[in-house]
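Note that the structure is predicted; figures quoted are calculated from it, not measured. Throughout, numbering of the chain's residues begins at 1 and tracks the sequence. Ligands are counted one by one from 1 in listed order, and the atoms in each one are counted from 1 as well. Hydrogens, waters and symmetry mates play no part in the numbers below; they use all other heavy atoms, side chains included.
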Amino acid sequence: MQPEQPQDHAKLAAGRRAIETYLQDGMRIGLGSGTTSHWFVRALGEKVKQGFDIAGVPTSTATRDLALEVGVPLLDLNDITELDFTIDGADEIDHAGRMIKGGGACLLWEKMVARASKRMVAVVDDKKVVDTLGAFPVPVEVIRFGWRSTERELRKLFTEFGYRDLRIALRGGAEEPIRTDSGHYILDCHLQRITDPDRLAPRFNEIPGVAEHGLFVGIADEMVIGHADGSGEVIRLR
Ligand code: 5RP
């Protein structure tokens, strides 16, 4: 598969640069989800064909299927004490490495796999880097039981934080809501401008119906930014 759009070239550049920078023979890796991560997984498949001993834990069924297709051996997160690193995309990332993730509805597994890794590297095209998070809605993965009650709790939280005119949308709509790989729903929270992600992020997990949320704070250690000209830059965040 070849990139077509300029942003695909940028995504592929980020994935390739990540391989050059981080990959060593024998490593065990978290395999992110989304189009950028999938360029990385395809490039990883080429490395495996060249004889590299690499195996990965996928963060979604879609990534699992792609890894199988391109020949990347898979591991079960249950069997791994610690992964060497995770490579994963983002919907938005700020200059401190705080991210909104979950545009592909895989945020729960993505966060678990990132947490199980020594390092988390965000791979993004240059359009994903923002000064302030929030133009992209924050996905919140909620259990299906009583999801409207969870939505009300989320509204209370956002009101406490001073968000006005916010919109929360059940992804896929009430007729046919999408289900995550864990069978949950996604509530997309349109906040526009998140002024205090560090304070907001831990508060989601206090709401009982929330399985996980898409604000990834203090998780990315490094980011690789890909450009449409095929170049990629590595930025160390901590
Ligand atoms: C999936 C994610 C993806 O990493 C995020 O949506 C970015 O995707 P893409 O690389 O296709 O722009 O969080 O849940």
Nearest neighbour in protein (non-hydrogen) for atom 5 (C) of ligand 1: Asp91 OD1, 3.2 Å
Side chain to side chain, Leu77 and Leu75, heavy atoms closer than 4.5 Å: no
Parallel, tilted or perpendicular: ring planes of Trp147 versus Tyr185, cut at 30 and 60 degrees: perpendicular
Any N/O pair Gly34/ligand 1 closer than 3.5 Å: no
Shortest protein heavy-atom distance from atom 9 (P) of ligand 1, along with the residue and atom involved: Thr35 OG1, 3.3 Å
Lys101, any N or O under 3.5 Å of ligand 1 N or O: yes
Minimum-distance protein heavy atom relative to atom 2 (C) of ligand 1: Glu110 OE2, 3.2 Å
Ligand 1 contact by Lys128, heavy-atom criterion under 4.0 angstrom: yes
Protein residue, atom and distance nearest to atom 3 (C) of ligand 1, heavy-atom basis: Ser33 O, 3.4 Å
NZ or CZ of Lys118 within 45° of Phe85 ring axis and under 6.0 Å: no
Whether Ala90 lies under 4.0 Å from ligand 1, heavy atom: yes
Which segment of Ser60 sits under 4.0 Å of ligand 1 when only heavy atoms are counted: neither
Pair up each side-chain donor or acceptor in residues 98-105 with any protein partner under 3.5 Å, not counting sequence neighbours, and list the distances.
| residue | atom | partner | partner atom | Å |
| --- | --- | --- | --- | --- |
| Arg98 | NE | Asp94 | OD2 | 2.7 |
| Arg98 | NH1 | Asp198 | OD1 | 3.4 |
| Arg98 | NH1 | Asp198 | OD2 | 2.8 |
| Arg98 | NH2 | Asp94 | OD2 | 3.1 |
| Lys101 | NZ | Asp88 | OD1 | 3.3 |
| Lys101 | NZ | Asp88 | OD2 | 3.1 |
| Lys101 | NZ | Gly89 | O | 2.8 |
| Lys101 | NZ | Glu110 | OE1 | 3.1 |
| Lys101 | NZ | Glu110 | OE2 | 3.4 |

Atom 10 (O) of ligand 1 - nearest protein heavy atom and its distance: Thr36 OG1, 2.5 Å
